[in-house]
Amino acid sequence: MSCCDSVGECFFDYYTSKILVIRSRKVGTLNRFTQALVIAYVIGYVCVLKKGYQDTDTVLSSVTTKVKGIALTNTTELGERIWDVADYIIPPQEDGSFFVLTNMIITPNQTQSKCAENPTPASICTSHRDCKRGFNDARGDGVRTGRCVNYNDTVKSCEVLSWCPLEKIVEPPNPPLLADAENFTVLIKNNIRYPKFNFNKRNILPNINSSYLTQCVFSRKTDPDCPIFRLKDIVEEAEEDFQTMAVHGGVMGVQIRWDCDLDMPQSWCVPRYTFRRLDNKDPENNVAPGYNFRFAKYYKDSDGTETRTLIKGYGIRFDVLVFGQAGKFNIIPTLLNIGAGLALLGLVNVICDWIVLTIMTRKHHYKEQKYTYVDDFGLVSI
């Protein structure tokens, strides 16, 4: 036959199924074993473990925090001082996070005046010619006046118009000034919603009353539902030391997971808390460690002179991260997964046919029984 005749015959062929019963313990065992694996996968993994009979929705969340605690410091710059929430929570409110001041470098009584710039390779000079008047170094401390002045007995640097005296380049105090911050507590209020199921809940559960809330502190063993956390406990659960972390600061993650099966009672839908450190603390890559920023408190004297106290603050930022997924029975995903399971069972027959017709000892005999060819004239060829 020509190539066109062969293609035409293949195009107009029609295939119908033919049942071939093979009484073989090997083939039968292979078939039943494969079917059992498919059924176990569909029922055990898809339906039970992954709840394939449910429709799912992801969580929508809002978080607010309230920190409480008092710390006492006694420094040369400020003397004896009490620090409360208004002093160490900066800014007062953030979206899903809060910052707690734990350490600081204080430069008091700064005024707008002229002084020698901190010595750096770019600011050290030997004469006025080395200091360009009006030059503003983005990494410097102010605008240069064009004069080269004594920084100390051995070093000269360019004079700048700035807030003087300048902040000294020193390491933060160790131990940290606000070491008592480890005993501060934070109330985390988390409201969640699954819009597809019109389901709302918050982490202050219905069984929590006002009297319990005023005295409880989260403990994984005794008070797992309490939404008030001691900062030291958060850091320690992340396998970190609070006092060490407080020196240079860092970033902690408070993870709240809401995994809810809405086919079960709503009381079973409760938050699960975990904690981990988020910033890098690799000892081999320790350039610019921790977390810090600068802020100032401004004053005016009776004669109108403006002064300020500059604070380089180190602290721990706590990011509250909310995850979750809810599921509820729905007929559509149930039918889809049942159909997928039936399709896999059909695939079992294909696998067994391939093994019988290509691997088994009597494969040629099975192939003769499996396929019969009939043409328009009633002729049969095997």
Side-chain angles (χ1 to χ4, degrees), residues 59-71 83-86 88-90 92-102 176 178-194 199-246 249-261 264-279 281 291 315-326:
V59 69
L60 299 178
S61 169
S62 67
V63 174
T64 58
T65 61
K66 183 184 293 185
V67 180
K68 289 186 177 181
I70 293 176
W83 296 76
D84 61 12
V85 176
Y88 57 72
I89 300 299
I90 308 164
Q93 288 293 329
E94 291 186 80
D95 185 14
S97 64
F98 61 96
F99 173 84
V100 177
L101 187 68
T102 58
L178 292 177
D180 292 342
E182 66 179 14
N183 294 316
F184 295 171
T185 60
V186 56
L187 167 64
I188 299 177
K189 294 190 287 186
N190 177 214
N191 296 273
I192 61 107
R193 174 177 172 79
Y194 289 106
F199 178 82
N200 303 277
K201 201 164 187 179
R202 63 177 186 159
N203 66 327
I204 303 179
L205 302 177
N207 62 303
I208 295 178
N209 54 38
S210 299
S211 60
Y212 173 77
L213 199 61
T214 57
Q215 60 185 0
C216 76
V217 175
F218 175 83
S219 170
R220 205 166 292 281
K221 293 181 179 179
T222 59
D223 292 284
D225 296 330
C226 181
I228 298 177
F229 305 84
R230 194 166 70 121
L231 301 189
K232 182 179 180 180
D233 296 338
I234 293 176
V235 175
E236 285 185 347
E237 282 224 12
E239 299 181 352
E240 300 287 342
D241 179 68
F242 186 93
Q243 295 299 325
T244 302
M245 191 175 182
V251 183
M252 289 294 303
V254 180
Q255 299 173 317
I256 307 178
R257 177 165 289 280
W258 293 84
D259 287 330
C260 300
D261 186 349
M264 300 300 177
Q266 292 188 7
S267 59
W268 292 19
C269 180
V270 294
R272 306 296 179 191
Y273 302 99
T274 55
F275 313 98
R276 60 172 299 181
R277 185 168 183 173
L278 300 180
D279 64 312
K281 63 163 199 170
Y291 183 72
I316 303 175
R317 173 180 171 140
F318 295 83
D319 291 332
V320 184
L321 311 172
V322 183
F323 308 89
Q325 181 174 280

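The analysis underlying the following values was restricted to heavy atoms, covering all of them including side chains, and did not include hydrogens, waters or symmetry mates. Just so it is clear, the model here is predicted, and its values are computed rather than measured.
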Worksheet item: Please walk me through it: do Phe218 and Glu237 pass side-chain contact (heavy atoms from CB on, under 4.5 Å)?
Response: CA-CA 12 Å; Phe218 175 83; Glu237 282 224 12; 4.0 Å; yes
Fill in: Full working for side-chain contact (heavy atoms from CB on, under 4.5 Å) between Leu187 and Thr65
CA-CA 6 Å; Leu187 167 64; Thr65 61; over 6 Å; no
Worksheet entry | Derivation and outcome, side-chain contact (heavy atoms from CB on, under 4.5 Å), residues Ile256 and Ile188 | CA-CA 10 Å; Ile256 307 178; Ile188 299 177; 4.2 Å; yes
Discussion item. With side-chain contact (heavy atoms from CB on, under 4.5 Å) as the criterion, how do Lys201 and Val59 come out once you've worked through the C-alpha distance, each side chain's angles and the decisive distance to 0.1 Å?
Written reply: CA-CA 11 Å; Lys201 201 164 187 179; Val59 69; over 6 Å; no
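Put simply, the side chain of Tyr194 does not reach to within 4.5 Å of the side chain of Leu60, judged on heavy atoms. You'll find the side chain of Val322 reaches within 4.5 Å of the side chain of Val63, heavy atoms only. Here the side chains of Ile316 and Phe242 are in contact, with some heavy-atom distance below 4.5 Å. When side chains are defined from C-beta on, Ile208 counts as touching Pro227, because their heavy atoms get closer than 4.5 Å. Residues Phe199 and Cys269 are in side-chain contact: their nearest non-hydrogen atoms beyond the backbone lie under 4.5 Å apart. Within the 4.5 Å cutoff, the side chain of Val67 has no heavy atoms near those of the Thr185 side chain. Looking at Asn200 and Asn191, their side chains never come closer than 4.5 Å, going by heavy atoms from C-beta outward. Counting heavy atoms from C-beta on, the side chains of Cys216 and Thr222 never come closer than 4.5 Å.
The OG1 atom of Thr214 lies 8.0 Å from the CD1 atom of Ile228; values are rounded to the nearest 0.5 Å. With rounding to the nearest 0.5 Å, the separation of CG in Asp233 from OG in Ser219 is 8.0 Å. Here the CD1 atom belonging to Ile70 is positioned 13.5 Å from the CH2 atom belonging to Trp83, to the nearest 0.5 angstrom. Note that CD1 of Ile234 and OG1 of Thr274 are 11.0 Å apart. Values are rounded to the nearest 0.5 Å. A distance of 6.0 Å separates CZ of Arg220 from CZ of Phe275, quoted to the nearest 0.5 Å. Asp259 CG to Gln325 CD: the interatomic distance, rounded to the nearest 0.5 Å, is 7.0 Å.
For the residue pair Val217 and Cys226, the shortest heavy atom distance occurs at N-SG, 3.6 Å. Gly250 and Arg277 get closest at one heavy-atom pair: CA-NH2, 4.3 Å. Contact detail for Tyr291 and Arg317: the closest heavy-atom pair is OH-NH1, 3.9 Å.
When atom types are taken as modelled, the side chain of Tyr88 and the backbone of Thr102 share no donor-acceptor pair closer than 3.5 angstrom. Between the side chain of Asn203 and the backbone N or O of Asn190, at least one donor-acceptor pair lies under 3.5 Å. Of the possible polar contacts, none joining the Arg193 side chain to the Ser62 backbone as a donor-acceptor pair under 3.5 Å is found. Within the 3.5 Å criterion, the main-chain N or O of Ala179 finds a donor-acceptor partner in the side chain of Gln243.
Side chain to side chain, Tyr212 and Asp223 meet the donor-acceptor criterion of an N or O pair below 3.5 Å.
Taking the side chain to side chain contact (heavy atoms under 4.5 Å, CB included) definition, one finds that Pro265 meets it with Ser267, Trp268, sequence neighbours left out. Qualifying side chain to side chain contact (heavy atoms under 4.5 Å, CB included) partners for Phe323, counting only residues two or more places apart in sequence or in other chains: Gln255, Arg257, Leu321.
Ring geometry for Phe318 against Phe98 counts as parallel: the plane angle stays under 30°, on a 0 to 90° scale with 60° as the upper cut.
Residue-environment remark: CG (Asn209) exceeds the threshold of 12 foreign heavy atoms within 6.0 Å. Gln266 CD: 12 or fewer foreign heavy atoms inside a 6.0 Å radius.
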